[in-house]
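Following: one structure in structure tokens, then a few remarks.
These figures come from a predicted structure and were not determined experimentally. So that the names make sense, note that chain A is the first sequence line, chain B the second, and so on, each numbered from 1.
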Amino acid sequence: MSIRVYNTLTRKKEEFTETGSTISIYVCGVTPYAHTHLGHARPSVVWDVIKKFLRYQEYQVFHVQNFTDIDDKIIAKANQEGKTALEVSNYYANDYLESMDALGVERADLYPKVSEHVNEVIEMIEALIANKHAYDVDGNVFFDVLSFPGYGKLSNQRLAELQAGTRFEVDPLKRSPMDFALWKKSKPGEPAWDSPWGQGRPGWHIECSAMSYKYLGAAFDFHGGGSDLIFPHHENEIAQFEGATCEPLARYWLHNGMLNLREEKMSKSQGNFVTIKDVLAKYPKELFRFYILSTHYRSELEYHDTKLEEVNRGWQRINECARKLSARVQGKTAEPVEVSGQEERLVAALEKAEAQFRDSMNDDFNTALAIAAIFDLLRELNGYLDRTDDGPASIYVLSQAYQLLQTLAGDILGILKSDDQNLGLGLTEPLMELLLDLRTQLRTEKQYQLADIMRNRLLVLGIVIEDTPQGSQWKIKDE
RNA sequence: GGCGGCAUAGCCAAGUGGUAAGGCAGAGCUCUGCAAAAGCUCCAUCCCCAGUUCAAAUCUGGGUGCCGCCUCCA
């Protein structure tokens, strides 16, 4: 089954056709002038999972994500704090990367910055002027929207309607109200670069066109970003790119839904945000990823204080199962054996789960469905775990199960806790073994009172004891 | 005013023509010294109205409600 994706450009789900062995991806990054907030986590986690899934499907991926480090807000912040614009943007770009690391998001292959690509920007503007899509007014260069017939094709807007809806004050220098700045003439005290039009700096949208063209060329595979970027940012990107190069920009446009904070869209400018670091100080990254991936990427997502508590229990079940599998398989060698009976049934369940997962992801990266496939598998796994002994056939299929769960939930979705989160360190393990041995002895002698005291006191210390048919087990209590 | 999206059980959430995935919460049961974990069973006819169709949550038209974008925003 091939991959199908919803393409904003055509407004329908399309089959993804590959043009080479490497899939090229450009995702709009951030303007680094404030701490990285929860809203940024959504595209990051989603694309992280998409990339990992594509590799699982044996594609290669090349991922570029920009930093728009020249911007009015950065300059304003720099002035306010008595720093240079570059100091401010570097600081927050670094904060962004740290937040991504903390989320378990794999880094992009490239993080180009506008400040390092002003030449490319200038070249593209020159091409636009040469192609009669842009004009220079006293050191400002604007894109001439009326000159580009395809304007509005991504956001499905008609120019006449857009102009009628203009609510902001129109720069009198513009020929048409919808024209937008490619190059801004610098004012005193602002960072400025030399250009054929005098000292100035790039406008907002041009950097993405120039840098995606430089690193990915024309008609690359995926262009992603939040749905709030469809208009005007991505619409303008297309106009600039195609106006300058006469070639199409990206083949598939994917837009993720907004993450809303307490029913309101989270955004930097409204001061309505929670930083990623705040959330990760309280909750494991894997839980947060589970929450994001429980909903399809195009849907809106609500976040509030108790949200992660609500999804915690289901997430624990997945990890609980992985922990049990790990405990069973650990230190044992799985010899390939002929399977039959309940082992055969389990292997069939593994295959089914893998296929369901794959189909779900192939269908517009439906992580919600993919997670459902994992829950289905969980039931089979837990049932089997209750029934089986530690015979060679059992170890063999259990290690396969463990691997599959690690691959799907761990490697691709990134929602499995790592082993050291599950197990204690150093002395803890032998000590716990000792305690459990003693307690088992007590239980054998029916000294239940003492056994219960032990269990209760360990619970106070954050250690949970579970008595199972396979003996007593312990784990670190969550929360 | 324009463009787009959404409305599915108490909550979260899949599902684009064939008679409602999954998770949480809840009820009952099994296992168990007890507890925990786990398993099993139960729990919706899909905002309203009118159409198309043998058949619609899924298509069409109308209505209501919510949200996003049109200004910086992932």
Side-chain angles (χ1 to χ4, degrees), chain A residues 8 11-13 27-31 33-34 36-44 46-47 65 68 71-73 96 152 155-169 178 204 224-233 235 255-260 263-270 273 290-291 294-296 298-302 307 309-318 320-321 323-324 356 360 363 366-376 378-387 443 446-449 451-452 455-456 459 464-469 472-473 475:
Chain A
T8 306
R11 283 178 290 281
K12 57 183 186 233
K13 230 186 253 187
V27 181
C28 276
V30 297
T31 301
Y33 73 96
T36 314
H37 65 65
L38 239 37
H40 298 127
R42 175 101 111 135
S44 311
V46 164
W47 281 101
Q65 187 168 322
T68 300
D71 176 88
D72 289 351
K73 293 182 296 298
Y96 176 84
S155 54
N156 196 27
Q157 308 271 354
R158 283 185 300 274
L159 259 179
E161 304 291 354
L162 280 170
Q163 289 175 18
T166 303
R167 301 195 309 244
F168 51 96
E169 216 179 302
M178 291 314 296
W204 174 33
S227 61
D228 53 346
L229 294 179
I230 295 172
F231 191 91
H233 184 59
E235 194 67 62
H255 290 97
N256 59 273
M258 294 294 101
L259 189 153
N260 298 326
E263 321 264 311
E264 259 176 75
K265 193 185 76 159
M266 182 178 321
S267 73
K268 286 183 274 193
S269 54
Q270 287 165 26
F273 69 91
F290 175 75
Y291 150 72
S294 296
T295 303
H296 184 90
R298 272 191 290 118
S299 306
E300 283 189 14
L301 192 51
E302 299 293 333
K307 200 73 197 193
E309 315 278 355
E310 285 166 23
V311 299
N312 179 55
R313 176 106 180 110
W315 174 71
Q316 293 288 1
R317 269 186 65 212
I318 300 174
E320 187 64 12
C321 183
R323 185 186 64 81
K324 284 179 183 170
Q356 271 180 13
S360 305
D363 187 6
N366 193 331
T367 52
L369 253 188
I371 287 174
I374 288 175
F375 276 111
D376 284 340
L378 239 47
R379 232 177 300 117
E380 295 289 336
L381 249 29
N382 282 326
Y384 178 78
L385 237 23
D386 280 346
R387 278 179 260 116
R443 292 176 66 223
K446 298 204 189 301
Q447 302 220 43
Y448 293 125
Q449 249 193 318
D452 286 351
R455 185 171 56 193
N456 287 335
L459 185 63
V464 181
I465 303 297
E466 289 172 3
D467 297 323
T468 77
S472 298
Q473 295 183 351
K475 62 179 176 185

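In the set B:G2, B:G23, B:A37, the nucleotide with an atom closest to the side chain of A:Lys324 is B:A37. Side-chain proximity of A:Ala368 to the nucleotides B:G68, B:A13, B:A74 is greatest for B:A13. Considering only side-chain atoms of A:Leu229, the nucleotide from B:A74, B:A38, B:C34 that sits closest is B:A74. The side chain of A:Asn156 lies closest to B:C3 when the candidates are B:C3, B:A38, B:A74. Comparing atom distances between the A:His296 side chain and each of B:A74, B:A14, B:C34 picks out B:A14 as nearest. Closest approach to the A:Asn366 side chain among B:A14, B:C70, B:A38 is made by B:A14 (side chain taken as heavy atoms from C-beta onward). Which of B:C34, B:C67, B:C72 sits closest to the side chain of A:Lys73 comes down to B:C72. Residue A:Arg443 places its side chain closer to B:C34 than to any other of B:A14, B:C34, B:C24.
A close approach under 4.0 Å does not occur between any side-chain nitrogen or oxygen of A:Arg379 and OP1 or OP2 of B:A21. A sub-4.0 Å separation between OP1 or OP2 of B:G5 and a side-chain N or O of A:Arg11 is absent.
Spacing of C1' atoms, B:A74 relative to B:C69, comes out at 14 Å, to the nearest Å. A gap of 15 Å separates the P atoms of B:G61 and B:C6, to the nearest Å. Of the P atoms belonging to B:C40 and B:G23, the separation is 10 Å, rounded to the nearest Å. Here the separation of B:A37 from B:G26, taken at their P atoms, is 11 Å to the nearest Å.
A stacking contact links A:Tyr448 to B:G33: the aromatic ring centre lies within less than 5.5 Å of the base's six-membered ring centre, and the planes differ by less than 30°.
A salt bridge does not link A:Glu302 to A:Lys307: none of the charged nitrogens lies less than 4.0 Å from a carboxylate oxygen. The existence of a salt bridge linking A:Glu320 and A:Arg323 is confirmed by a sub-4.0 Å separation between a basic side-chain nitrogen and an acidic carboxylate oxygen.
Within the nucleic acid shown, A:Lys446 has no heavy atom closer than 4.0 Å to any nucleic acid atom.
Pairing for B:U45 is absent, judged as Watson-Crick or G-U wobble with the two contacts each under 3.5 Å.
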